[in-house]
Engineer: 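Could you have a look at this structure, given as structure tokens, before my questions?
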Amino acid sequence: MDRIFINKMNLNTLYTKVLNLESLSSEEGAFLYRNAPPSELFETAQRVRFIHVPETKVSWQIDRNINYTNVCISGCLFCNFHCTVSQKDKSYTTSTEEYRIKIAELRSLGGDQILLQGGLHPGYDITFYENLFTEIKSIDPEIKLNALGPPEVAHIARISKITIEETLHRLVRAGLTTLPGAGAEILSDRVRKIISPAKPNTQKWCEVMRAAHKMGLSTTATMVYGHIETIEERMEHLVTIREIQRDKPSDAPGFRAFISWPMQMEGTKLSQIYSGKDITPVEHLKMVAMSRIMLNNIPHIQASWLTVGEATGQMALHCGADDMGSIMIEENVVSSAGANYRMGSEEMQRRIKEAGFEPWLRGQDYLPR
Ligand code: SF4
């Protein structure tokens with residue numbers, strides 16, 4: 001009885017802190033995650049959502065994933081997408097003609113942005129990416145490039161023997177518009193050494209993001225959870241993201257949004273060494289709520305419907321999320337490990353309305369399109 005009373009007392013203290021937009025420690029976050037009744041957690045996160053985004057509106061986006069190559073030296077255990085240069089029957093680099101076709105399809109659907117991602121190619125240095133961005137811009141000068149991610153930027157800097165700052169400056173000069181927060185998974189080197197040992201480490205991911213923010217680049221942050229990490233490591237990840245955002249120049253956009261999703265492991269090497277349970281919808285909704293609660297300096301939280309399904313995505317809009325992300329015109333990475341949900345523009349808007357909100361179409365700058 002005493003224990004229940006103490007927990008309830010602590011929970012109420014934490015809810016008050018959260019609603020005052022105070023920063024919770026990772027220990028406080030883990031305590032909330034473990035002890036708060038889900039209904040209270042969801043309600044608290046939703047109240048914070050309406051402090052950040054007062055309108056009953058939910059944003060969505062039209063963009064297109066394009067993978068410029070599937071060659072990667074990282075060999076992450078959770079990735080079915082990559083291959084090596086020597087796998088000639090599987091490896092590819094997207095051609096100019098393919099970009100032309102994919103961009104035309106995107107335009108016909110009303111989109112103006114590409115999410116351009118690939119692997120850590122051993123032979124592609126900064127000049128490859130400068131040429132690639134210039135080529136895409138010559139096909140469509142108005143297209144926006146939300147491209148690469150911190151691991152790719154760190155890898156390009158390393159093989160080009162230039163600094164991260166110079167790499168980012170040259171990429172921006174060539175056409176980079178915004179930098180996605182890809183490749184964060186869990187920002188803990190204990191976890192990274194097991195699931196992605198050859199990928200740039202936590203410190204590099206943070207270094208790239210801090211440099212991008214100093215330059216005024218708009219970015220996002222991500223987390224892929226539900227594998228070998230602990231609840232404490234998830235919360236430490238959120239605190240790390242919040243601290244990077246805290247340190248950005250006051251006039252820089254920094255992280256505009258945070259997106260978390262459960263690891264997709266079907267057929268991956270990770271599934272052979274990890275025998276944990278699948279993430280349930282309630283667990284995902286708790287992580288959406290905790291993201292909203294812990295990240296008191298990031299304005300937008302995504303529902304992440306692609307990996308959890310449209311219905312759970314709709315429920316996330318009542319647990320702190322205010323953004324449904326993009327319709328999926330093409331996706332090859334998480335779908336190769338088991339995520340198979342799809343949604344077009346009409347379905348997206350219908351789902352947002354059905355959940356009780358007004359849809360509005362945004363760009364990567366989170367301004368209306
Ligand atoms: S997740 Fe990315 S970095 Fe890791 S192996 Fe796949 S393509 Fe490479």
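First listed ligand is number 1; within each ligand, the first listed atom is number 1. Just the heavy atoms: all of them, side chains too, but no hydrogens, waters or symmetry mates, feed the values below.
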Engineer: Can you tell me which portion of Cys72 lies within the under-4.0 Å heavy-atom range of ligand 1? Options are side chain, backbone, both, or neither.
Structural biologist: side chain

Engineer: If the cut-off is 4.0 Å to any non-hydrogen atom of Phe78, which atoms of ligand 1 fall inside it?
Structural biologist: 1 (S)

Engineer: Examine His213 together with Phe255 and report whether their ring centres are nearer than 6.0 Å.
Structural biologist: yes

Engineer: Kindly say whether the aromatic ring centers of Phe78 and Tyr274 come within a distance under 6.0 Å.
Structural biologist: no

Engineer: Heavy atoms only: which of Glu152, His82, Lys199, Gln117 lies closest to atom 2 (Fe) of ligand 1?
Structural biologist: Lys199

Engineer: From the options Cys76, Ala182, Gly183, select the one whose nearest heavy atom is closest to atom 4 (Fe) of ligand 1.
Structural biologist: Cys76

Engineer: Compare Pro151, Gly118, Ser196 and give the one whose heavy atom is closest to atom 7 (S) of ligand 1.
Structural biologist: Gly118

Engineer: So if I apply the side chain to side chain contact (heavy atoms under 4.5 Å, CB included) rule between Ile293 and each of Leu41, Leu238, Val288, which one comes out positive?
Structural biologist: Leu41

Engineer: With heavy atoms of Gly75 as the reference, note each atom of ligand 1 found under 4.0 Å away.
Structural biologist: 5 (S)

Engineer: So, Tyr366 versus His300, ring centres under 6.0 angstrom or not?
Structural biologist: yes

Engineer: Mind checking the CD1-CZ spacing from Ile143 to Arg64? Nearest 0.5 Å is all I need.
Structural biologist: 10.5 Å

